Amino acid sequence: MDATTVSPDAVPVSPEPEPEPEPEPEPGQAPQAGDDALPPAGTEPDGEATPNARRGAPRDGGHGAGRGTRAIVLGAVAALGVVFGDIGTSPLYALKTVFLLDGGAVRANEEDVFGVVSLMFWSITIIVSIKYLGILMRADNDGEGGVMALAALAQRLYAKRARRAGVLLIIGIVGVALFYGDSIITPAISVLSAVEGLHVTVPAISHLVIPIAAVILIGLFAVQRFGTTRVGVLFGPVMVLWFVVLAVAGLAMVIRYPAVLLGLSPTYAVAFIVAHPAISFIALGAVVLVITGAEALYADMGHFGRAPIRRAWFFLVFPALTINYLGQAALILNHPAAKANPFFLLIPDWGRLPVVILATAATVIASQAVISGTFSLSRQAVQLGVLPPLTIRQTSKREGGQIYLPALNALLFIGVMAVMLAFGSSDRLSTAYGISVTGALVVDTLLLLLVAVPLWHWAPWKIAIAAVAFGGLELAFLAGNLSKIVNGGWVPLLIAAAIITVMTTWKRGRQLVQIDRRKKEGSLAEFIEDVRVQQLPRVPGIAVFPHPNKDSTPLALKANVKHNRVLHEHVIIVSVSTAQVPHVPTSDAFEYDDLGYTDDGIEHLSIRFGFSDEQDIPLALRTAASTGILSVDADEFRRASYFISRGAIRTTRATDMVRWRRSLFIALAHNAADPAARFGLPALRTVTMGSDVEI
C-alpha cells in the first residue's frame with residue numbers, strides 16, 4: 001500500500017456536521033410567531049419528556065413578526081449602509097466604461113446616449129426591481145436569502161428526487177464560486193474608481209492613486225478582525241448622504257437639459273440594438289455594471305427583512321441612481337469630452353474634492369459589505385459540508401451575522417491587492433468585471449425557475465415569461481461579457497474554477513473518509529452490549545463524545561475503553577447536524593435517545609443547528625439539561641470532559657479519487673480548523689483520541 005500519512009491533528013475524524021433536509025417550517029415561510037412558547041415536541045401533556053423522544057432548542061429561531069413604521073425606517077437606513085453599497089457606487093464607472101469600450105465604439109450622439117441610458121434603466125428595473133425585490137425576496141429560506149439559501153430551499157422542495165437534489169447542490173456551488181470571483185474584483189474596482197477622482201480634482205498627485213488605494217485596502221482588511229459593530233452606525237447616514245449627492249448632482253443637469261428624460265423610454269433601447277447589433281452587444285458588457293450588487297439585495301434579506309430593503313430601494317436608491325445616470329448622459333450629450341469621467345465632471349469644481357472623499361467612503365462601505373457577505377456565505381458553505389472547517393470568530397455579542405474568518409480575510413486581501421496591482425486602473429479592471437456577476441445572476445434565475453412551480457404553483461406561461469424576461473436578458477449580458485475573457489475576464493473564471501474544485505474535492509473526500517471511518521467504528525449497539533458484559537469500572541463525571549450518528553461507535557470512545565479500561569459515570573454521544581434552514585425552531589433542535597438501556601449511563605443527543613447558528617455544544621448541552629431533556633444537572637457540564645475522534649489520513653492506491661485531488665483533500669484537511677474550537681469545547685477539558693483512516 002502506497003500511503004502518505006498526515007499528522008494526527010490534520011483532520012476531524014468524527015464530529016463533522018451532516019447536512020440534512022429539514023421538512024419544517026414550510027418552504028418559503030419563516031416559523032410562525034409563538035413557536036418558542038410551545039412545549040418541546042415529544043412531551044406528555046403534563047410537560048414531562050418521554051424517553052427516546054425529548055426535544056428542545058438551544059436558541060431562538062425565526063425572525064419574529066411585525067415591524068413598526070419607525071423600525072422600518074431605521075432598518076431602511078441600516079440597509080443603505082450594507083445592502084446598497086455595491087450597486088450604489090456603480091455610477092462612478094458604469095457609464096464611463098460604456099463609452100470607453102472598444103476604442104469608443106459607442107458614440108456621444110443622441111441615438112447612442114439615449115439607447116445606453118434606456119438599456120441601463122430597464123436593466124435595473126427588470127433585474128433589480130422586478131426579479132430580486134418583487135419575486136425572489138418571496139423565495140426566502142426561513143427569512144434568509146442568497147444563492148446558498150436558495151439552493152437549500154430548492155433541495156428541500158425536491159428532497160424526494162435525490163438526483164435532482166444533487167444537481168441543485170452543484171448549481172449552488174457554481175453560484176457560490178462566482179460570488180467569490182466577484183468578491184475579489186469588487187473592492188479593487190470600487191476603491192480605485194473613487195480614488196481616481198484625483199485625476200480630475202488634483203491632477204498633480206494623480207500618480208499616487210495606486211498607493212492611496214493600496215493603503216485604503218490594507219486598512220480595510222486590517223480592521224476586519226474588530227467587526228463592524230462600532231462603525232456600523234455610521235454606514236447608513238454616509239450612504240444616505242451619498243445617494244442625496246447622486247440625485248442632486250444629476251438633477252441639476254437634467255433640469256438644464258430635460259430632453260434626456262426621453263432616454264427612459266424602452267423604444268430607444270430597442271432602436272439602439274436594432275441599429276447597432278454589434279456595438280450594442282459590446283455595450284452590454286459595460287451596461288451590466290449598473291446591476292452589480294443586485295444579488296446582495298437578496299442575500300442580506302435575513303439581516304434587515306423585505307420591507308426596509310424595498311422601501312430604501314424605491315424611495316431613495318432607485319430614483320437617485322436613475323437621476324444621476326440621466327445627468328451624466330445629459331453632460332455627455334452637451335460635452336462629449338466629458339465621457340472620460342462623467343461622474344466627477346458632473347460635480348462643480350468646488351465640490352469635487354469633498355465628493356472624492358465621500359465616494360471613497362462609499363466604496364469602502366461597498367467593499368465592506370462584499371467582504372462581510374463572503375464571510376457569511378463561507379460559514380454557510382462550511383456548515384453545509386462543501387468547504388473545510390474554518391476558524392470563525394464572532395465579532396459581536398448581539399449580531400450573529402457579524403463574524404470574522406482570518407484565513408479567508410487573508411486570501412481575499414491577497415487576491416484584491418493582486419488584481420489591483422496587475423490591472424492598475426478601474427478602466428482596465430472593468431474588462432475583467434461582469435462575467436462572475438452575470439453568471440451569478442443566471443444561477444439565481446435558474447434556481448428561481450426551479451422553485452417557482454412547487455413553491456408558488458406557477459403556470460407554464462409564467463415560467464416562460466420569467467425565463468425570457470430574466471434569463472434572456474441575463475444570458476445576453478453573459479454573452480456580451482464573454483468577449484472580456486481574453487482581456488482579463490479569465491480572472492474571475494479562474495477564481496470560480498478553483499473554488500468549484502476545492503468544494504467538490506472536499507465534499508467527495510469527506511464521503512470517502514466517512515466510508516472508511518464507519519468500517520473501523522463498528523456498531524454502537526454491539527459496543528454497548530460488549531461493555532455491559534465486561535462490566536468496566538465507572539469513574540465520576542460526564543464524558544461527551546461528538547460523533548456524526550448514533551449507529552456507529554466514536555473512535556475516541558473505543559480507544560478510551562481499549563487503553564484505559566474505564567467508562568465515565570455519564571457518557572453522552574452528541575451528534576451535530578446542520579439543517580438546511582438558517583435557524584432551527586425550538587421544538588426541533590434536540591432529540592434524545594437512551595440507546596436501549598436506562599441504567600447504563602450511555603446516552604445519545606442529536607443537536608440540530610441552522611446554518612446561520614453558532615454551533616456551541618457546551619451551551620446546547622447546558623440548555624438541554626436545564627430543560628429536562630438530559631437527566632443531568634446543567635452545572636455538571638461546566639466540569640465535563642470532551643473526547644474528539646481525530647486521526648491521520650493515509651492515501652492508498654485506490655482509484656476512488658485521482659491522486660492530485662487526494663493530495664488537495666489532505667492539504668485542506670491539514671489546514672482545517674480545530675473541531676474543539678469550532679464547537680466551542682473548552683481546551684483544558686478536551687482530549688483527542690482516534691485512529692488512522694484511509695482515502
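Note that the coordinates shown come from a computational prediction; the quantities given were computed from them, not determined experimentally.
- Residues Y268 and S118 come closest through the heavy atom pair CB-CB, 4.1 Å.
- Residue I414 holds its CD1 atom at 10.5 Å from CE of M417, rounded to the nearest 0.5 Å.
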Subject >> Residue pair L284, N481: steps toward the side-chain contact (heavy atoms from CB on, under 4.5 Å) verdict >> reply: CA-CA 7 Å; L284 285 176; N481 277 275; 6.0 Å; no
Only pairs under 3.5 Å count here: list side-chain donor-acceptor contacts from residues 316-328, not counting sequence neighbours, and write none if there are none.
residue: T322; atom: OG1; partner: F318; partner atom: O; Å: 2.9
residue: N324; atom: OD1; partner: Q328; partner atom: NE2; Å: 2.7
residue: N324; atom: ND2; partner: L246; partner atom: O; Å: 3.0
residue: Y325; atom: OH; partner: S90; partner atom: OG; Å: 2.9
residue: Q328; atom: NE2; partner: P91; partner atom: O; Å: 3.2

**OP:** Assess whether side-chain contact (heavy atoms from CB on, under 4.5 Å) is satisfied between V356 and E196, documenting all intermediate values.
**Re:** CA-CA 8 Å; V356 168; E196 283 173 350; over 6 Å; no
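- A259 approaches F114 most closely through the heavy-atom pair O-CZ, 3.5 Å.
- Of the N and O atoms on the side chains of E474 and T438, not one donor lies less than 3.5 Å from an acceptor on the other residue.
- The nearest pair of heavy atoms linking I210 to G424 is CD1-O, 3.2 Å.
- Sorted by first and then second residue, the salt bridge (charged side-chain N to carboxylate O under 4.0 Å, His left out) pairs involving residues 241-268 (not counting sequence neighbours) form an empty list.
- If you take CG on L411 and CD1 on I184, they are separated by 8.0 Å, rounding to the nearest 0.5 Å.
- Between F343 and W242, the ring planes are tilted. Angles from 30° to 60° get that label.
- Among all heavy-atom pairs drawn from L331 and P342, the shortest one is CD2-O, 3.6 Å.
- Remark: D112 engages no residue in a side-chain hydrogen bond (donor to acceptor under 3.5 Å, both in side chains) (not counting sequence neighbours).
- Counting only N and O atoms by type, the side chains of Y180 and S436 include no donor and acceptor under 3.5 Å apart.
- The structure places CD1 of I173 at 8.0 Å from CD1 of I500, a figure rounded to the nearest 0.5 Å.
- Panel note: side chain S265, backbone L262; no donor-acceptor pair is recorded below 3.5 Å.
- Residues A330 and V260 come closest through the heavy atom pair N-CG2, 3.9 Å.
- No more than 12 heavy atoms of other residues, nucleotides or ligands lie within 6.0 Å of CZ in F315, so this atom counts as exposed by the packing criterion.
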Original post:
How far apart are the C-alpha atoms of V174 and L178, what are their side-chain angles, what is the distance that settles it, and do they pass the side-chain contact (heavy atoms from CB on, under 4.5 Å) test?
Top reply: CA-CA 6 Å; V174 172; L178 291 169; 4.1 Å; yes
**OP:** Could you go through the side-chain contact (heavy atoms from CB on, under 4.5 Å) check for T391 and L405 one step at a time?
**Re:** CA-CA 6 Å; T391 299; L405 283 70; over 6 Å; no
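- Pairing each heavy atom of V106 with each of A283, the nearest pair is CG2-CB, 4.1 Å.
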